[in-house]
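Contents: one structure, followed by commentary.
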Amino acid sequence: MQPEKKKQRQIQLQRLSSLSATQKEKEEGRLYAQLFASQEWQTATKIATTMSGPVEVNTEKIIHQAWAEGKTVLLPQTLPHWQMAFHAYTTETHLEKSHFGVLEPTSGQVVAKPEIDLILVPGLAFTDQQNYRLGFGGGYYDRYLSDYKGQTISLVLSVQQFSQPTWPLESHDIPIKKLIKSGVRL
Ligand SMILES: Nc1nc2c(c(=O)[nH]1)N(C=O)[C@@H](CNc1ccc(C(=O)N[C@@H](CCC(=O)O)C(=O)O)cc1)CN2
Ligand SMILES: Nc1ncnc2c1ncn2[C@@H]1O[C@H](COP(=O)(O)OP(=O)(O)OP(=O)(O)O)[C@@H](O)[C@H]1O
C-alpha cells in the first residue's frame with residue numbers, strides 16, 4: 001500500500017468528518033440539484049450508487065429521486081478479489097453490513113455492466129485537472145470501471161476538491177467522466 005495515499009486518505013477522512021452538518025447539507029443540496037438536472041441523469045434508466053457512509057455525500061435522496069422518476073437503482077456488493085456486483089435495489093432487497101461498514105445487497109437481480117447507464121462513483125478526493133479520484137483504498141471502482149463504457153459522475157464536496165492530485169497517480173487510475181462540484185471552493 002502506498003504510504004502517501006494512506007496519509008492522504010486519513011487527512012481527507014479527518015476533513016470530511018470536520019465538516020459541519022449544516023455546511024454538508026447545504027453543499028449536498030447543490031450537488032443533488034445539478035445531478036438531477038444533468039443530461040446523464042435524465043437519460044439514464046439504470047443508475048448505480050452506494051449506501052453512503054457518514055462522511056460521504058448522503059445518497060438517500062438520490063435513491064428516492066431515482067425511484068420517483070421510475071429509474072432502477074443499483075447498489076454494489078463487494079466480492080472476493082476486489083470485484084463488485086451491482087444488484088437492483090428495491091424495498092424487498094436484503095441488505096447486510098459489509099466489512100467496509102456500509103450496507104450492501106445480498107439478494108436481488110445482478111445487473112450486467114453494459115446495462116448500467118450511469119455510475120455515481122464514491123471517493124475521498126477529486127482533481128479539477130483530469131478528474132482523478134482518491135478512493136477508500138480497495139481498488140474496487142478502478143477495477144470495475146476499467147472496461148465500463150457508460151457514464152460516470154462523482155459528487156464533490158468542497159473539502160474533496162483539489163486542483164491537482166496531492167497523492168501519487170497510478171496507471172490503473174480511471175478518471176471520472178464528469179465531476180459535479182458544490183461550488184464552494186476552500
Ligand atoms: N458507500 C460506499 N460503498 C462502497 C464503497 C465506497 O467507497 N462507499 N466502495 C468503494 O470502493 C466499495 C467498498 N470499498 C472498500 C474500500 C476499502 C476497503 C478496505 O478493506 N480497506 C482497507 C484499508 C485500505 C487503506 O487505507 O490502507 C481496510 O479497511 O483494511 C474495503 C472496502 C463498495 N461500497
Ligand atoms: N485495475 C486494477 N488492476 C489491478 N489492481 C488494481 C487495479 N486498480 C486498483 N488496483 C490495486 O488495488 C489497490 C487499491 O487501489 P487504489 O489505491 O487505487 O484504490 P482506490 O481507487 O483508492 O479505491 P476504490 O476504487 O475502492 O475506491 C492497489 O493495491 C492497486 O494497485
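Atoms within a ligand are numbered from 1 in the order they appear, just like the ligands themselves. Worth saying up front: this structure is predicted, and the values here are computed from it rather than measured. Throughout, residue positions are numbered sequentially from 1 according to the sequence presented.
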Query raised in the report: Between Glu56 and ligand 1, is there a nitrogen or oxygen pair with a distance under 3.5 Å?
Result: yes
Query - Set of ring pair (Phe, Tyr, Trp, His ring centres under 6.0 Å) partners for His64, sequence neighbours left out - result: Trp67
Query raised in the report: Atom OG1 of Thr152 and atom CG of Asn131: how far apart are they, to the nearest 0.5 Å?
Result: 8.0 Å
Report summary line: For Tyr141, the atoms of ligand 1 under 4.0 Å from one of its heavy atoms are 9 (N), 10 (C), 11 (O)
Requested in this report: Determine, considering heavy atoms only, which of Val102, Thr59, Leu75 sits nearest to atom 3 (N) of ligand 1.
Outcome: Val102
Query raised in the report: Starting from atom 33 (C) of ligand 1, which protein heavy atom do you reach first, and at what distance in Å?
Result: Thr78 CG2, 3.7 Å
Query raised in the report: Does atom 19 (C) of ligand 1 have a protein non-hydrogen atom under 4.0 Å from it?
Result: no
Query raised in the report: For ligand 1, which atoms, with element, lie under 4.0 Å from some heavy atom of Gly138?
Result: 16 (C), 17 (C)
Report task. Return yes when atom CD of Glu60 has more than 12 non-hydrogen atoms of other residues, nucleotides or ligands closer than 6.0 Å, and no otherwise. Result -> no
Query raised in the report: With a 3.5 Å cut-off and no angle check, do the side chains of Arg9 and Gln12 form a donor-acceptor pair?
Result: no
Query raised in the report: Of all the heavy atoms in Ser52, does at least one lie under 4.0 Å from an atom in ligand 1?
Result: yes
**Report entry** Heavy atoms of other groups near Gln109 CD, more than 12 under 6.0 Å
**Finding:** no
Query raised in the report: Is the shortest distance from atom 23 (C) of ligand 1 to a protein heavy atom below 4.0 Å?
Result: no
Query raised in the report: Against heavy atoms of Pro122, which atoms of ligand 1 measure under 4.0 Å?
Result: 6 (C), 7 (O), 8 (N)
Report task. Would you please name every residue forming a salt bridge (Lys or Arg N to Asp or Glu O under 4.0 Å) with Lys113, sequence neighbours left out? Result -> Asp147
Query - Atom indices of ligand 1, in the order listed, that fall short of 4.0 Å to a heavy atom of Arg9 - result: 26 (O)
Report summary line: When distances are taken from atom 29 (O) of ligand 1, the protein heavy atom at minimum range is His99 NE2, 4.5 Å
Query raised in the report: Distance-only, no hydrogens or angles: does the Arg143 side chain make a donor-acceptor pair with backbone N or O of Gly138 under 3.5 Å?
Result: yes
Query raised in the report: Which atoms form the tightest heavy-atom contact between Glu28 and Leu157, and what is the distance?
Result: CG-CD2, 4.4 Å
Query raised in the report: Should the heavy atoms of other residues, nucleotides or ligands under 6.0 Å from CD of Gln130 be counted, would the total exceed 12?
Result: no
**Report entry** Partners meeting side chain to side chain contact (heavy atoms under 4.5 Å, CB included) with Glu56 (sequence neighbours left out)
**Finding:** Ser52, Pro122, Phe136
Query raised in the report: Are a donor atom and an acceptor atom from the side chains of Gln14 and Gln10 found within less than 3.5 Å of each other?
Result: no
Query raised in the report: So, Glu69 versus Trp41: side-chain donor-acceptor pair below 3.5 Å or not?
Result: yes
Report task. Mind checking whether Met51 contacts ligand 1 via backbone (N, CA, C, O), side chain (CB onward), both or neither, at a 4.0 Å heavy-atom cut-off? Result -> backbone
Requested in this report: For atom 21 (N) of ligand 1, grab the closest protein heavy atom and report residue, atom and distance to one decimal in Å.
Outcome: Phe136 O, 4.3 Å
Report summary line: The protein heavy atom nearest to atom 34 (N) of ligand 1 is Pro76 CG, 4.0 Å
Requested in this report: Could you check atom 27 (O) of ligand 1 against the protein and tell me its nearest heavy-atom contact, residue, atom and distance included?
Outcome: Met1 CG, 3.7 Å
Query raised in the report: If you measure from each non-hydrogen atom of Glu104 to ligand 1, which part falls under 4.0 Å: side chain, backbone, both or neither?
Result: neither
Query raised in the report: Which residue, Asp142, Asp128, Asp173, forms the salt bridge (Lys or Arg N to Asp or Glu O under 4.0 Å) with Arg133?
Result: Asp142
Report summary line: In Lys71, Lys178, Lys177, the residue satisfying salt bridge (Lys or Arg N to Asp or Glu O under 4.0 Å) with Glu40 is Lys178
Requested in this report: Specify the protein heavy atom at minimum distance from atom 31 (C) of ligand 1: its residue, its atom name, and the distance to 0.1 Å.
Outcome: Phe100 CD1, 3.7 Å
Requested in this report: Select all protein residues for which some heavy-atom-to-ligand 2 distance is less than 4.0 Å, and list them by chain and number.
Outcome: Lys5, Arg9, Arg133, Gly135, Phe136, Gly137, Gly138, Gly139, Tyr140, Tyr141, Asp142, Arg143, His172, Asp173
